[in-house]
Amino acid sequence: MSTTIASAPARPPRSLILWAGLILVGLHVATGLLSLVWLPYEPTGMVGMRLEGPSLVHWIGTDRLGRDLFTQLMIGSRIALVVGIGAVAIGAAIGVTLGILAAFASKWLDDALAATLDILIAFPTLLIAMLVVAASDTASLWSAIVALGIALSAIVARLTRILAKRVLVMDYITAARTSGSSWPKIVAIHILPNIWPTLSVNFALQFGLAVIAEASLSYLGLGAPPPNASWGRMLQEAQGTVYTAPLGAIAPGLALVSLAIGVNLLADGLRDSIDPTRRAR
Amino acid sequence: MSLLSIENLSIHAGGKPLVAGLSFALAQGERLGLIGESGSGKSLTALAATGLLPAGLTASGSVLLKGQQVIGTPDRQLDGLRGTAAAIVFQEPLTALDPLMRVGKQLAEPLARRARRDGRPLSPRALDAAMLEALAEVALPDPPRIARAYPHELSGGQRQRIAIAMALACRPDLLIADEPTTALDVTTQAEILTLIDRLVREKDMALLFISHDLPVVANTVSHVVVLRQGEAVEAGPVAEVFARPRHDYTKSLFAAAQRFDTALEGGQ
């Protein structure tokens with residue numbers, strides 16, 4: 001008797017996903033690093049005519065004040081990376097800690113934490129971030145990063161809690177307990193590695209979210225104040241001239257999308273190569 | 001003195017009793033079987049014996065493990081007892097091993113812990129050697145290769161051997177085997193049973209063997225306790241209980257096992 005076993009939906013080879021992610025993210029990282037030491041023009045300098053189109057002198061043109069767009073885009077890469085890494089790091093630190101605590105907590109404390117997290121998640125990320133920024137004295141890049149980190153931590157905590165609970169009931173945890181392993185040790189060697197593959201993909205998603213949310217905050221004037229050229233601010237400034245000089249909006253938009261996609265591909269590829277059960281089939 | 005002495009153990013979930021008034025004792029080198037259908041409280045009894053009941057379940061009565069009261073004792077105090085007094089081998093070896101950790105590393109954990117506890121920490125090289133030796137002890141071929149494998153790369157029987165090696169790594173006085181052969185095919189079952197039998201004999205451990213499989217129990221242990229809905233309905237030496245089951249439930253268990261055997265033979 002021969003049966004056909006349904007195969008998993010076709011999926012690009014793992015290495016391709018990983019490489020595509022590496023190249024996209026690498027491009028932004030390289031640009032961001034380069035912007036620290038070299039820029040084509042003074043970022044705030046009005047170096048050209050207003051709203052110039054692309055040329056050899058200004059590769060993607062100038063904005064409505066005559067500043068070089070490519071220079072701003074490069075600085076934007078750096079800001080986006082700092083915001084993404086910073087917000088995810090803060091969100092992960094708070095979220096994973098809370099989530100693990102909730103997974104171990106007594107029933108009522110766990111319920112209380114879960115309910116609090118549900119309420120936090122029900123609030124749009126951006127709204128929480130706006131509240132945090134509004135509560136701090138001045139809007140700065142750092143207040144935006146902290147705000148986004150706190151907003152993201154609720155989702156991380158919720159995910160960590162449920163993932164950790166799922167690992168906690170496995171026999172290998174009981175086996176480790178029987179052999180006299182302490183809880184901190186079990187968290188470090190069994191729980192964190194086993195929830196990491198799922199968490200890391202979530203972190204990548206969050207990275208993209210944070211970059212986009214920072215752009216939104218900047219767009220609303222709550223992010224990094226001028227003259228910081230974040231992509232969100234560039235989009236906001238290009239708003240009025242989107243029909244006459246569309247490149248001013250398209251360029252930062254494309255940069256934003258390429259970084260978000262790159263990080264997701266990278267995380268997907270990394271997850272597959274970290275998880276031995278997904279390796280080399 | 002008994003190694004494990006359980007008296008009047010009851011386990012409740014909310015208000016519902018899952019195990020009621022269970023008593024038995026096990027001395028060094030003794031082998032006891034806990035028999036019963038699924039849901040009769042066998043596994044819970046094993047967990048209660050090591051103080052590892054899941055949250056939400058409460059135990060009352062007395063469980064003395066190596067003379068130490070387990071019920072009501074805080075976790076931290078039990079950690080030291082657990083590594084040395086008792087170890088558990090579980091039913092499903094796939095979930096009993098961490099899927100993301102190489103087998104050798106998993107096995108090294110309890111070995112290193114036991115060595116530290118005894119006050120003679122092992123050097124990395126000595127630990128490696130001890131780990132390979134432990135793999136050889138459970139009759140796994142090519143230990144260095146197995147040590148590098150992940151659990152999903154091994155067969156069910158190999159995984160169960162590793163789970164047994166991990167349980168033995170703490171050199172416990174009591175080995176609790178919770179349906180250790182149920183998830184395995186018949187040939188592998190026999191191999192694992194022989195292995196457990198040999199190791200328990202060599203190391204003079206006590207064995208608490210949990211199963212619903214009567215022939216398996218009969219060949220492995222000397223005494224049995226038959227559980228039904230959390231209550232012990234019959235207890236005694238294997239030969240006696242199996243030859244003259246007194247309780248209706250025990251009789252029906254035997255009848256079911258016999259019917260199953262007949263059906264198997266008839267089907268051949």
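Throughout, a chain's letter reflects where its sequence line sits, starting with A, and its residues are numbered from 1.
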Which heavy atom of B/Arg82 sits nearest to which heavy atom of A/Arg177, and what is that distance?
CD-O, 3.1 Å

Is B/Arg117 close to chain A through its backbone or its side chain, or both, or neither, when contacts mean heavy atoms under 4.5 Å?
side chain

Which of residues 83-120 of chain A have a heavy atom under 4.5 Å from any heavy atom of chain B?
none

Give a yes or no on whether B/Gln68 atom CD has more than 12 heavy-atom contacts from other residues, nucleotides or ligands under 6.0 Å away.
yes

With a 4.5 angstrom heavy-atom cut-off, which part of A/Leu168 approaches chain B: side chain, backbone, both or neither?
neither

What's the separation between atom OG1 in A/Thr178 and atom CG in B/Leu81, rounded to the nearest 0.5 Å?
11.5 Å

Closest approach of A/Tyr172 and B/Ala96, non-hydrogen atoms and distance?
CB-O, 3.2 Å

With only heavy atoms counted, which part of B/Asp75 is less than 4.5 Å from chain A, the side chain, the backbone, both or neither?
side chain

For B/Pro99 and A/Asn194, work out which heavy atoms get closest and say how close.
CG-OD1, 3.4 Å

Does any part of the side chain of A/Trp196, heavy atoms only, come nearer than 4.5 Å to the side chain of B/Leu100, both counted from C-beta?
no

Most chain B-contacting option - heavy-atom pairs closer than 4.5 Å, from A/Pro193, A/Ala176, A/Ser181, A/Ala175
A/Ser181

Checking heavy atoms, do the side chain of B/Ile88, its backbone, both or neither come under 4.5 Å from chain A?
both

Rounded to the nearest 0.5 Å, how far apart are CG of B/Leu94 and CG of A/Asp171?
10.0 Å

Considering all heavy atoms of both residues, which atom of B/Arg113 and which atom of A/Ser179 are nearest to each other, and what is their separation?
NH2-OG, 2.6 Å

Which atoms of B/Glu109 come close to chain A, meaning under 4.5 Å heavy atom to heavy atom: side chain ones, backbone ones, both, or neither?
side chain

Do you know which of B/Leu47, B/Leu52, B/Thr50, B/Asp98 has the most heavy-atom pairs under 4.5 Å to chain A?
B/Asp98

Within a reach of under 6.0 Å around CH2 of A/Trp183, are more than 12 heavy atoms found that belong to other residues, nucleotides or ligands?
yes

Counting only heavy atoms closer than 4.5 Å, note whether B/Leu78 contacts chain A via side chain, backbone, both or neither.
neither

So which part of B/Thr95 gets closer than 4.5 Å to some heavy atom of chain A, the side chain, the backbone, both or neither?
both

